[in-house]
Each structure stands twice: as structure tokens, then as C-alpha cells.
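Every chain is numbered from 1, with letters handed out A, B, ... down the list of sequences. What you see below is based on every heavy atom in this structure, not just the backbone, and it leaves out hydrogens, waters and symmetry mates.
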Number of protein chains: 2
Amino acid sequence: MDTETPWLSERRQHIWRNWLRMNTELPAALHRRLRADSDLSLSDYDVLVQLTDTAEARVRVLDLARALRWERSRLSHHIRRMEGRGLVRREDVPGDGRGAYVVLTAHGRAAIEQAAPAHVRTVRDLVFDSVDADELTALGAAVDKVLARLEAAERPA
Amino acid sequence: MDTETPWLSERRQHIWRNWLRMNTELPAALHRRLRADSDLSLSDYDVLVQLTDTAEARVRVLDLARALRWERSRLSHHIRRMEGRGLVRREDVPGDGRGAYVVLTAHGRAAIEQAAPAHVRTVRDLVFDSVDADELTALGAAVDKVLARLEAAERPA
DNA sequence: CAGAAATGGTTGACGCGTCACACATCCCCC
DNA sequence: GGGGGATGTGTGACGCGTCAACCATTTCTG
């Protein structure tokens, strides 16, 4: 506990507020555009990306949760909903009676292949086209450092 | 539509993924710590900050929504819950029969005054202590540009 | 090989955010 | 001054994320 607990400087406060604002509005904008261009939510998209990244288009639930950094239960709920829309399906794991695969369906593959180009364009349009090379480098470094700090701080908890 | 619709470069993809990850984990960490140190959620905190920023500790609902960049209905729901916990209360607006003030209660003031120092420390600990001056400058610039692009892109919609 | 503990996954309840709509009040203009 | 639209706010339904508990299976340990 500091003796004074000073507030953030004017400048830091400004950066911090804008940072927070971008943090809420950028995903919201990406989400809106993705929904406008496809029938996928941002979460659906993330799940499908993970599935298409693997050769078999088939991933164990826990591996998927780890890759997405989602809680198991969140993933389970989401998979159930995606299954209902025919984007993925569950399959038993031969060797392990507890396990379950999440498998990309043909419909799911078609959905992400149709959605991906516009989404990538949106990301480039809203983010990468806005910042120049130096800023991007600094941004990447800052992000890496904050992430490292986050992991160090939250690990022992 | 591009003829090729190229994916993002390896480097950009890396930055982008880490950016997204930080975007989800930093607020989550802030939220956890705030909850651990107080009875406030991050949203509660934001609302209370807006109220303490005004001399009268009393703000019109619509002004509050604009300041927070929240939807009116979201704010309405949230105020109802906060009212139930005694953090704020609603008051009629004398001149305008439709309007409503959101007023900070003594309990609400006590809550944020108790929570703020630790929260500010958390922000400094997790963010500002991690990045050096140059990176912070670039980060601020990048955030400003993305925000400007976002507003330009979403305005006509 | 019998428990006990760990692992993989699901479920239910609850708070939150969004969307569409409802509703009252105010303002304007004829 | 009496509609008609605009403005300010609240509500209900629904999808999502979290938390705690649960169940089935596997693995460990004696």
C-alpha cells in the first residue's frame, strides 16, 4: 500500500481511457461486420479457425479449450449451440470413454471459408492500415510485455 | 474484394493474436482483482467513476449512457441492479417528467473511495509498469489512430 | 484388484448485454 | 391547443459467460 496512492498522470489517464475504449469498440465492430457478412459470431469464428488449423478438422474438447483459452464449460455450452446449427458435431473418442472430439462439419467448413476473407479484410481495414510500421512494432512489444506481466501475475493465484 | 485476399503476414498475425488475447485477459484480470478487493464489478466501477466526476454526484441517464458509451437499455438494467445494492438511486427530474437522475448514494461513494486506490495500483502494476516510455507513446498513437478509424468507419452505418 | 483420487466433460442457475418494443412526456407546428 | 413526431426511459426475451456442482471414466496406490 503506497503512502499516497497517486492517481495516474494526465497523459497516462488519457491513454488508458482510449485504450479501454478501443478494447470494447474494436471487438464490437468486428462482431457487427462478421455478423453482417456471415451467420457466424466472433466466437464461432474462433472455434472454427482452431478446427480448420488441424489436419483432421477434429480436436479434443480440452485441447480446444486450451487453444482458445476458454473455460471448459464455456466451450461445452458453445459447442452445444454450434452443434444445433450444424457447424460442428461431437464424436466419441475410441480409446477414452470420457473424451469427446469436436468435428468440423461440411457446413461449418463452408461457413468459415465464406466468412474468412471479409473478416481478414476488416481487420486490416480497421487496424493494420491505420498504424504505421514503427507504431506497430512498439504496439507488438507493448502487448507482449503486458501479456508476460499478466501471466506472471496471475500464475501463482 | 481483392483478387487474392491474402492472409495477414506472419508477423501481423502474431501481433494480432496477442493483441486479442490481451484484450480478453487484461479486463478479466482487472475484474478479478477488483472483485477481490471490493464488492464492485468493473462496470459498477465505471458507473461510479462517472458519478464522482460530477459536482452534484447526479447525472441524467442519457448523459451517463453517452459518457460510458453504453446503450440506454444496458445502463437501465445495470442501474436497477446497482440500485438494489444501494450504490445509486434514481430521482425524478423536476423540469422533465420523462427524465431520471442517477444519484450516488453515501454507500456508493464509500464503495468507490475504498476500491479506487487498489484498482489504480492494479492498472499501474499490470500495464504502465510493464511498458517503457517509447512504447507507451507509440501505443497511445496507435490507439488514437485505430479509434479514429473506427469512428470514421462506423459513423455512416 | 479394490478403493481413492484425478481427469474429461456436461449441466443448471444466475448475472450480464443486446435487441425490439412499449410507454410516457415533451415539443412543434398548423 | 390538439395531433404527430421526437425524446427519455424502462421492460422482456434471448444468447452468452461464469461458477459450482455433478457424473462417468480412467489412473494411481496400496
Verify the contact: side-chain N or O of [X] to OP1 or OP2 of [N], cut-off strictly under 4.0 Å; return yes or no.
X: B:Arg72; N: C:dC19; result: no
X: B:Ser76; N: C:dG17; result: no
X: B:Arg60; N: D:dT9; result: yes

Original post:
Is the A:His119 ring parallel, tilted or perpendicular to the A:Tyr45 ring (thresholds 30°, 60°)?
Top reply: tilted
Subject >> Whether B:Trp19 and A:Trp19 hold their rings parallel, tilted or perpendicular, with breakpoints at 30° and 60° >> reply: tilted
Original post:
Contact class for B:Ser41 vs. all strands (heavy atom < 4.0 Å): base, sugar-phosphate, or nothing?
Top reply: nothing
**OP:** Quick one: label A:Arg32 by what it contacts on the DNA or RNA (base, sugar-phosphate, nothing), any heavy atom closer than 4.0 Å.
**Re:** nothing
[atom1] of [X] versus [atom2] of [N]: gap in Å, rounded?
X: A:Arg80; N: C:dT11; atom1: CZ; atom2: P; result: 7 Å
X: B:Glu71; N: D:dG8; atom1: CD; atom2: C1'; result: 15 Å
X: A:Leu40; N: D:dC16; atom1: CG; atom2: C1'; result: 16 Å
X: B:Trp70; N: D:dG10; atom1: CH2; atom2: C1'; result: 16 Å
X: A:Asp92; N: C:dG8; atom1: CG; atom2: P; result: 16 Å
X: B:Asp96; N: C:dA24; atom1: CG; atom2: C1'; result: 11 Å
X: B:Leu68; N: C:dC16; atom1: CG; atom2: P; result: 15 Å
X: B:Leu75; N: C:dC19; atom1: CG; atom2: P; result: 16 Å

Per the atom types in the model, does the base of [N] pair as donor or acceptor with the side chain of [X] at under 3.5 Å?
X: B:Arg74; N: C:dT18; value: no
X: A:Arg98; N: C:dT7; value: yes
X: A:His77; N: D:dT18; value: yes
X: A:Ser73; N: D:dC19; value: yes

Original post:
Same cluster or not: are A:Val143 and A:Leu30 linked, directly or through other Ile, Leu, Val, Met, Phe, Trp or Tyr residues, by side-chain heavy atoms under 4.5 angstrom apart?
Top reply: yes
**OP:** Would you kindly compare A:Asp63 and B:Arg81 by the position of their nearest DNA chain C nucleotide and give the one closer to the 5′ end?
**Re:** A:Asp63
**OP:** Take A:Val103 and A:Val88 through the side chain to side chain contact (heavy atoms under 4.5 Å, CB included) test and state the conclusion after the steps.
**Re:** CA-CA 5 Å; A:Val103 190; A:Val88 299; over 6 Å; no
Original post:
Toward the 5' end of DNA chain D, which comes first, A:Gly95 or A:Ser43, by nearest nucleotide?
Top reply: A:Ser43
**OP:** Give the C-alpha distance, both sets of side-chain angles, the deciding distance and a yes or no for side chain to side chain contact (heavy atoms under 4.5 Å, CB included) between B:Thr24 and A:Arg69.
**Re:** CA-CA 10 Å; B:Thr24 60; A:Arg69 294 170 190 263; over 6 Å; no
